[in-house]
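For reference, the structure discussed in these notes is given below.
Throughout, protein chains are lettered first and strands after them, A, B, ... in sequence-line order, and every chain is numbered starting at 1.
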Amino acid sequence: MSEIASQFKSEFLRQFAARGCLYDCTDPEALDALFARERVTGYIGFDCTAPSLHVGHALQIMTLRRLQQAGHKPIVVIGGGTTKVGDPSFRDEARPLLSEAQIETNKAAIRRTFEHFLTFGDGPSDAIMVDNAEWLDRLEYLPFLREVGRHFSINRMLTMETVKIKIDNDLPFSFLEFNYMIMQAYDFVELYRRYGCRLQSAGSDQWGNIVSGIDLGRRVENAQLFGLTTPLITTSSGTKMGKTMSGAVWLNPEMRSPYDYWQFWRNTEDGDVGRFLRLFTDMPEAEIARLETLQGAELNEAKKILATEATALCHGRAAAEDAAETARRTFEEGAAAEGLPTVEMDWSAGEVSGERGWTLRQADTIVKMSGLATSRSDARRKIGEGAVRINDVVITDWKKEFSVDQVDPQSGAFKVQYGKKKIVLVKPV
RNA sequence: GGGGGAAUGUCCCGAGCGGCAAAGGGGGCGGACUGUAAAUCCGCUGGCUUAGCCUUCGUAGGUUCGAGUCCUACUUCCCCCA
């Protein structure tokens, strides 16, 4: 795509392609001309299947950010309506229906994620956020079928990738899910009507749904709409990005602290540093080109920059720098730095009974309380692996007892460490 | 409507003569090696008050000293016939 990049006339597409964000788009020349000519309103939809978005969505959010930076107008569409239908594209199982209450909860939590990435407001290129439940909830079945349904060819829908996968593999595929693409197509048209929105962007797996919306727009509104997709990001060793550690890498600070988010980026593979800097930060190309040439251990400096820049976008500059500083003190000085994730532990209450209960707690209990182990058995297993340290001392016996006054005097907490990277302060209260 | 098959450790795939906490693989995590990287080798990958106990194999019953394994009903999914 980089040769094509230089051919674009519009600032937005040239930058977008040069950074490796562009996978495909409809009618490139016309879209390029549109971007060069006027302020374009574009949207991306986010469903509310979880109480937070994750790094897999980061590239989509960045796309909206770049639109805004180029002077265009981004719309964040929260999929309060489409989530009730459920996107069939991912799972090969029928996904469980979320309750409306659950969707509401998720929706509220997701909204906040965008605050650091985009500027919202009433200005011409200010971002706005809308919930597609606003129109989808109110659809009436028969009028909708007659207005919209007649434009959808079953013959053609059956040839679409996501549908074919279902059918070819004999996977369950309900009529409800089948309607997802129709809802998404209708969204696009509705956004065109309400906001003059001409562009929809998404990951490359959404291509079919985007094109459906464009077709529908032409048929019912005689509008020329455009689609733009971003590549699926994998790491250079071939795994899908972000599915590491203990599950998804959440963007919501309550679900993953800025410190842990920073760590996620800090642990980027060597071969991905330059690409990720282009995709996930605003760093200028010249600077990235320089950082990329660093060799061996020097590349760690580039990783720190990547971590801080990516974290700043998601959690704010101050939180990112705190995380960087905490990491520096922790890894480069070995100190039990304050910014480490901290959990409070009710020292006096609890399971240990009788005479010793009030002052002494066993190592396995402390590790469990830290959250680094999911259960006491898990804590014991991990201690058995020789991977657990408390106050920098390797624990080999899960029965080892600690008293309150053995906390690290600096932090007033136990520094509990699992492996080399996961450190939590456990503060007795 | 009729006939046949399938549901396994809640990350996934997948074995399982009636004695099973349940083979194997992927993924994930940890250790060694490094640079908080990759690759490679090794280990771990139900819970608890852990020489023991408890709960897991779609759901509910039943037969057995004992059931993931046999029987019955139900649920869901797939295939074939109509």
Select base, sugar-phosphate, or nothing to describe what [X] touches, counting heavy atoms under 4.0 Å on all strands.
| X | answer |
| --- | --- |
| A:Ser375 | sugar-phosphate |
| A:Thr268 | sugar-phosphate |
| A:Trp265 | nothing |

- [ ] Scan side-chain atoms only and decide if A:Gln206 and A:Thr229 contain a donor-acceptor pair under the 3.5 Å cut-off.
- [x] no
TODO: Take the angle between the ring planes of A:Phe280 and A:Trp265 and call it parallel below 30°, perpendicular above 60°, tilted in between.
DONE: tilted
Open item on the list: As a quick check of understanding, evaluate side-chain hydrogen bond (donor to acceptor under 3.5 Å, both in side chains) for A:Asp47 and A:Tyr180, giving each step before the final call.
Closed with: CA-CA 11 Å; A:Asp47 277 355; A:Tyr180 187 89; 2.6 Å; yes
Task: B:G30 OP1/OP2 closer than 4.0 Å to side-chain N/O of A:Lys422 - done: yes
Task: Side-chain N,O (A:Arg376) to OP1/OP2 (B:G47) below 4.0 Å - done: no
Using the [atom1] atom on both, measure [N] against [M] and round to a whole Å.
| N | M | atom1 | result |
| --- | --- | --- | --- |
| B:A6 | B:C13 | C1' | 15 Å |
| B:U10 | B:U63 | C1' | 30 Å |
| B:G26 | B:C42 | P | 12 Å |
| B:U72 | B:U50 | C1' | 39 Å |
| B:A38 | B:U59 | C1' | 47 Å |
| B:U56 | B:U69 | C1' | 15 Å |
| B:A39 | B:G47 | C1' | 36 Å |

Open item on the list: Applying the Watson-Crick and G-U wobble criteria at under 3.5 Å, what pairs with B:U63? Answer none if nothing qualifies.
Closed with: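 For B:U63, the partner nucleotide comes out as none, under the 3.5 Å rule.
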Task: Residue whose nearest RNA chain B nucleotide is more 5′ - A:Gly419 or A:Trp398 - done: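 Going by which nucleotide is closer to the 5' end, it is A:Gly419.
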Task: Pairwise 5' ranking along RNA chain B for A:Arg389 and A:Glu332, keeping only the more 5' one - done: A:Arg389
TODO: Grab the CZ-C1' distance between A:Arg380 and B:G47 for me, whole Å please.
DONE: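 Roughly 10 Å, once rounded to whole Å.
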Open item on the list: So if I define the base as every atom that isn't primed, P, OP1 or OP2, how would nucleotides 38-44 of chain B read as a B/S/- string at a heavy-atom cutoff under 4.0 Å?
Closed with: SS---BS
TODO: Evaluate the salt bridge (charged side-chain N to carboxylate O under 4.0 Å, His left out) criterion for residues A:Lys368 and A:Asp364: first the C-alpha distance (whole Å), next the side-chain angles of each, then the deciding distance (0.1 Å), finally the verdict.
DONE: CA-CA 6 Å; A:Lys368 183 196 163 191; A:Asp364 59 342; over 6 Å; no
TODO: Name every residue in residues 286-310 of chain A that has at least one heavy atom under 4.0 Å from any atom of RNA chain B, in order of residue number, or write none if there are no such residues.
DONE: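 Going residue by residue through residues 286-310 of chain A, the ones with a heavy atom under 4.0 Å of RNA chain B turn out to be A:Gly296, A:Ala297, A:Asn300, A:Lys303.
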